[in-house]
Number of protein chains: 2
Amino acid sequence: MSPSAAVQTAHSHPEQAEIRIEQVLQALGDPVRLQIVRALALATDGLACGAVPLPVTNSTRTHHMRILREAGVVTMRAEGTRRISTLRRADLDTLYPGLLDAVLDAPH
Amino acid sequence: MSPSAAVQTAHSHPEQAEIRIEQVLQALGDPVRLQIVRALALATDGLACGAVPLPVTNSTRTHHMRILREAGVVTMRAEGTRRISTLRRADLDTLYPGLLDAVLDAPH
DNA sequence: ACCGTACTACGACAATGGTCGAAGTACGAC
DNA sequence: GTCGTACTTCGACCATTGTCGTAGTACGGT
């Protein structure tokens, strides 16, 4: 195995201080991603990307997870072959109190 | 004067029930539009589109105002040659309590 | 070792979106 | 009426974005 074999599984996450409101809003502004976030909100201990039923292919799913991760909305950790995603509730509630709750409580 | 001469000044606004959260979030997710919304939040009695200093041309300004209006974030009324825009605070607070405040209080 | 599952990376594509300039409309002032 | 101001509309442009298929990597099972 090459030394760089584990690079792929290491995802970059923004620090709390690096999270920007426009990026968060834009990330939440897509129907597919909002569906993902709503599903993650119900699973307090995280959820595998593939566990959310979505009308898109796997590669598109990965793309949306990346947007959410890079915006600072979710964290991802490897667990076997799964990537468990979790909502960054604490960080978002600290930076933008009420934002996440308002979005999650919104009628859909 | 033709009968349809006043069409241009009549802008369409979505009813409160027609406002969709994804559209609102996407509208707020643009830096220029967020700047507009922040300016409007300070002027309770509305503001002319051109009164907000923006690094874009007039046509782009109009474009952004249209996005905000069609998303249900602002209302516009004609007042002479000016178009006075107002934040739809009541509607947004009713539909998504805490959302607008969270966005406006966000660090920038 | 082999295979299947879970996900990622890359390239391509069409659609969307932000930007502009030019032309046009509405209103007020003169 | 003419002129200037404020804004809109239209078409064009380029960058971004959501989508996909294909190929690839990592891990667990057998």
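Chain identifiers are assigned alphabetically (A, B, ...) following the order of the sequence lines, protein sequences preceding nucleic acid strands; residue numbering begins at 1 within each chain. Values in this document were obtained by computation on a predicted structure and should not be read as measured data.
Atom CD in A/Gln35 sits about 15 Å away from atom P in D/dG18, given to the nearest Å. With rounding to whole Å, B/Glu22 atom CD is found 16 Å from C/dT16 atom P. In this structure, the CD1 atom of B/Ile84 is 11 Å from the P atom of D/dT8, given to the nearest Å. Here the C1' atom of nucleotide C/dT19 and the CG atom of B/Leu54 are 13 Å apart, to the nearest Å. Atoms CZ (A/Arg77) and P (C/dC7) sit 13 Å apart, rounded to a whole Å.
Closest contact between the side chain of B/Val56 and the listed nucleotides C/dT8, C/dT19, C/dG21 involves C/dT19. Comparing atom distances between the B/Gln26 side chain and each of C/dA6, C/dC20, C/dG17 picks out C/dG17 as nearest. Side-chain atoms of A/Asp30 lie closest to D/dG18 of the nucleotides D/dG18, D/dC20, C/dT19.
Judged by distance alone, the side chains of A/Thr62 and A/Ser59 never bring a donor and an acceptor atom under 3.5 Å apart.
Shown for residues 58-70 of chain A: residues whose heavy atoms fall under 4.0 angstrom of DNA chain D, namely A/Ser59, A/Thr60, A/His63, A/His64.
Under 4.0 angstrom from either OP1 or OP2 of C/dT19 there lies no side-chain N or O belonging to B/Thr57. OP1 or OP2 of C/dG28 has not a single side-chain nitrogen or oxygen of B/Arg82 nearer than 4.0 Å.
Residues B/Val24 and B/Tyr96 come closest through the heavy atom pair CG2-CE1, 4.2 Å. A pairwise comparison of heavy atoms in A/Thr44 and A/Thr86 identifies O-CG2, 4.0 Å as the closest pair. Closest heavy-atom contact between A/Glu22 and B/Pro31: CG-CA, 4.3 Å.
Of the listed residues (A/Asp93, A/Ile21, A/Leu92), just one forms a side chain to side chain contact (heavy atoms under 4.5 Å, CB included) with A/Leu99, and that residue is A/Ile21. A side chain to side chain contact (heavy atoms under 4.5 Å, CB included) with A/His13 is found for exactly one of A/Val74, A/Ile19, A/Thr75, A/Asp91, namely A/Thr75.
Nearest-nucleotide positions on DNA chain D for A/Arg33 and A/Thr81 put A/Arg33 closer to the 5' end.
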>> Show, in sequence, the C-alpha distance, side-chain angles and deciding distance for B/Glu79 and B/Arg77, and conclude whether the salt bridge (charged side-chain N to carboxylate O under 4.0 Å, His left out) test is met.
In response: CA-CA 6 Å; B/Glu79 197 159 286; B/Arg77 66 177 194 276; 3.3 Å; yes

